[in-house]
Amino acid sequence: MPELPEVEIVCRGLEAAFVGHRLTGVIRRFSQLRWPIPDDLESAIIGSPSPGEVAGILRSVQRRSKYLLLGFDTGTLLIHLGMSGTLRRLPADTTPRAHDHVDFVFGDQVLRFNDPRRFGAVLWCAGGAGAAVQDSHALLRRLGVEPFSDAFTGRLMYEATRRRKLAIKQVLLSGAIVVGVGNIYASESLFRAGIRPTTAAGRISRPRYERLVVAIRQTLTEAIAAGGSSLRDFVASTGESGYFQLRCFVYGREGEPCRVCATPVRAIRQQQRATFYCPSCQRA
DNA sequence: ATTCTGACCTGATTGC
DNA sequence: TGCAATCAGGTCAGAA
């Protein structure tokens, strides 16, 4: 399952493979994901073209947080991969396998959504293209800033967390201030910034937030460069396995020596999620 | 308003 | 070997 770097890689893959291509059909095999996949998605996307008009061209692919936004003339297809979702590009006659819930057919190619755990989502947002969706859709409206945007600054983190008692790790995961920092990269970023994950967000100084912002951007950038993935079953939209494990400083390394100071890495749980840190490098 | 808990699911791994 | 418990990269809805 994908964190932001994986979704970013998928986004780029989709753009390269499908933008400018014409969607010719939608095959929905199973609709019970986090929310039901809408009925008649196919006619919603293709619309009712006048004779001779070419309809269903994919115009754009964007990412907002971990949502993929596929722009058509008629509206925006919103895809979230949840914990276990994958998108693959396959020849249209490829026999579907378990958990292949929906196909987006583009002529002789198909974009196939597979999601065993079904935490993912496929939704349709009619009308307003591009930016309008981001302001109007309930799922996107209240998201924090993008980590690579100019709006993501130490000052923002500092001001948004005054009087907050929640642990910084949980603030990062919540996505209310900045999006796209998932469970692995939250631990990794906090390590790089030398901040203990349990520290109350409101007690962290502005200079330390400046460091954290740099650390988050570095961590995500490196993960994207590494091919984006840390997950076992991630498959890029081109079809080849995107499996690539970014070398983690702390995540998944309980008891192993810190790569900086050799102190054993510690594992704890915060709101039922695993957190890893170095008790020596991250003292507060 | 903020924080916490439960819920949604399958599949891989761990432990008895 | 078999079976149950635990855990997994997300995030929403509703309760405290």
Side-chain angles (χ1 to χ4, degrees), chain A residues 1-10 29-37 63-68 78-87 97-101 113-123 137-144 147 160-190 197-203 216 219-220 222-224 226-236 241-255 267-276:
Chain A
M1 192 328 11
E3 291 208 23
L4 181 140
E6 289 78 14
V7 179
E8 178 63 25
I9 295 295
V10 172
R29 301 187 185 82
F30 190 85
S31 67
Q32 303 308 304
L33 304 182
R34 177 184 256 279
W35 296 285
I37 300 178
R63 178 190 59 71
R64 173 71 175 106
S65 186
K66 294 168 191 165
Y67 293 91
L68 291 162
L78 215 132
I79 301 177
H80 197 293
L81 301 175
M83 292 274 268
S84 57
T86 56
L87 285 168
R97 296 195 284 196
H99 312 302
D100 282 341
H101 303 312
F113 178 78
N114 179 288
D115 185 10
R117 288 180 77 180
R118 295 193 243 141
F119 289 174
V122 174
L123 299 170
H137 200 287
L139 291 172
L140 306 180
R141 208 181 315 153
R142 281 192 288 272
L143 293 174
T161 52
R162 289 313 86 192
R163 297 165 183 270
R164 296 287 302 273
K165 291 180 180 170
L166 199 59
I168 181 60
K169 158 98 181 316
Q170 286 152 230
V171 167
L172 291 178
L173 280 187
S174 81
I177 304 174
V178 60
V179 298
V181 185
N183 202 43
I184 292 177
Y185 300 131
S187 282
E188 291 299 297
S189 301
L190 288 165
T198 50
T199 301
R203 299 185 46 98
I216 288 170
T219 304
L220 296 177
E222 287 176 26
I224 291 169
S229 188
S230 42
L231 73 148
R232 214 168 310 142
D233 60 352
F234 171 72
V235 180
S241 169
Y243 177 34
F244 191 101
Q245 176 75 51
L246 180 71
R247 191 164 181 258
C248 288
F249 282 103
V250 288
Y251 188 87
R253 299 190 65 243
E254 179 177 14
I268 57 172
R269 292 190 83 75
Q270 293 179 284
Q271 289 193 199
Q272 354 213 47
R273 312 297 305 277
T275 299
F276 299 85

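Below, chains carry the letters A, B, ... as their sequence lines are ordered, and counting in each starts from 1.
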If we take the [atom1] atom in both [N] and [M], what is their distance in whole Å?
N     : M      : atom1 : answer
B/dT5 : C/dC7  : P     : 16 Å
B/dG6 : C/dT6  : P     : 14 Å
C/dT1 : B/dG11 : P     : 22 Å

How many angstroms lie between atom [atom1] of [X] and atom [atom2] of [Y], to the nearest 0.5 angstrom?
X        : Y        : atom1 : atom2 : answer
A/Ile224 : A/Leu4   : CD1   : CG    : 6.0 Å
A/Trp35  : A/Leu139 : CH2   : CG    : 4.5 Å
A/Arg63  : A/Ile79  : CZ    : CD1   : 14.5 Å
A/Glu188 : A/Tyr251 : CD    : OH    : 9.5 Å

Listed partners of A/Phe113 passing ring pair (Phe, Tyr, Trp, His ring centres under 6.0 Å), at least two apart: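 Checked A/Phe113 against ring pair (Phe, Tyr, Trp, His ring centres under 6.0 Å); zero matches.
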Applying ring pair (Phe, Tyr, Trp, His ring centres under 6.0 Å) to A/Phe249 and not counting sequence neighbours gives A/Phe191
So does [X] get a side-chain nitrogen or oxygen closer than 4.0 Å to the phosphate oxygens (OP1/OP2) of [N]?
X        : N      : answer
A/Tyr185 : C/dG9  : no
A/Tyr251 : C/dA8  : no
A/His80  : C/dC12 : no

Mind telling me whether A/His101 and A/Phe30 have parallel, tilted or perpendicular rings, with 30° and 60° as the class edges?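 The arrangement is tilted - the two ring planes meet at 30° to 60°.
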Check whether any side-chain heavy atom of A/Val179 sits under 4.5 Å from a side-chain heavy atom of A/Lys66, and report yes or no. no
What is the distance, rounded to the nearest whole Å, between atom [atom1] of [X] and atom [atom2] of [N]?
X        : N      : atom1 : atom2 : answer
A/Ile184 : C/dG10 : CD1   : P     : 7 Å
A/Leu68  : C/dT11 : CG    : P     : 12 Å
A/Glu3   : C/dT11 : CD    : P     : 9 Å
A/Gln270 : C/dG10 : CD    : P     : 14 Å
A/Leu143 : C/dG10 : CG    : P     : 14 Å
A/Leu140 : C/dT11 : CG    : C1'   : 13 Å
A/Ile9   : C/dG9  : CD1   : C1'   : 15 Å
A/Leu81  : C/dG10 : CG    : P     : 11 Å

Test side chain to side chain donor-acceptor pair (under 3.5 Å) on A/Thr275 and A/Gln270; report intermediate values, then the result. CA-CA 7 Å; A/Thr275 299; A/Gln270 293 179 284; 2.7 Å; yes
What's the shortest heavy-atom distance between A/Gly82 and A/Pro2, and which atoms? O-CD, 3.3 Å
In 5'-to-3' order, the base (B), backbone-only (S) or no-contact (-) status of each nucleotide in nucleotides 2-8 of chain B, using a 4.0 angstrom heavy-atom cut-off, is SSSBB-B
Whether A/Asn183 side chain and A/Ala274 backbone form a donor-acceptor pair below 3.5 Å: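 Judged by distance alone, yes, a pair lies under 3.5 Å.
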Give me, pair by pair, the N or O atoms of the protein and of nucleotides 13-16 of chain C that are less than 3.5 Å apart, along with how far apart they are.
none

Under 3.5 Å for both pairing distances: what stems, at least three Watson-Crick or G-U pairs long, include DNA chain C?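 Only these stems qualify: B:2-8 with C:10-16, B:10-16 with C:2-8.
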Compare the minimum distances between each of C/dA8, B/dT10, C/dT11 and the side chain of A/Pro116, then state the nucleotide with the smallest one. B/dT10
Which residues pass the side-chain contact (heavy atoms from CB on, under 4.5 Å) test with A/Arg162, not counting sequence neighbours? A/Tyr158, A/Tyr209
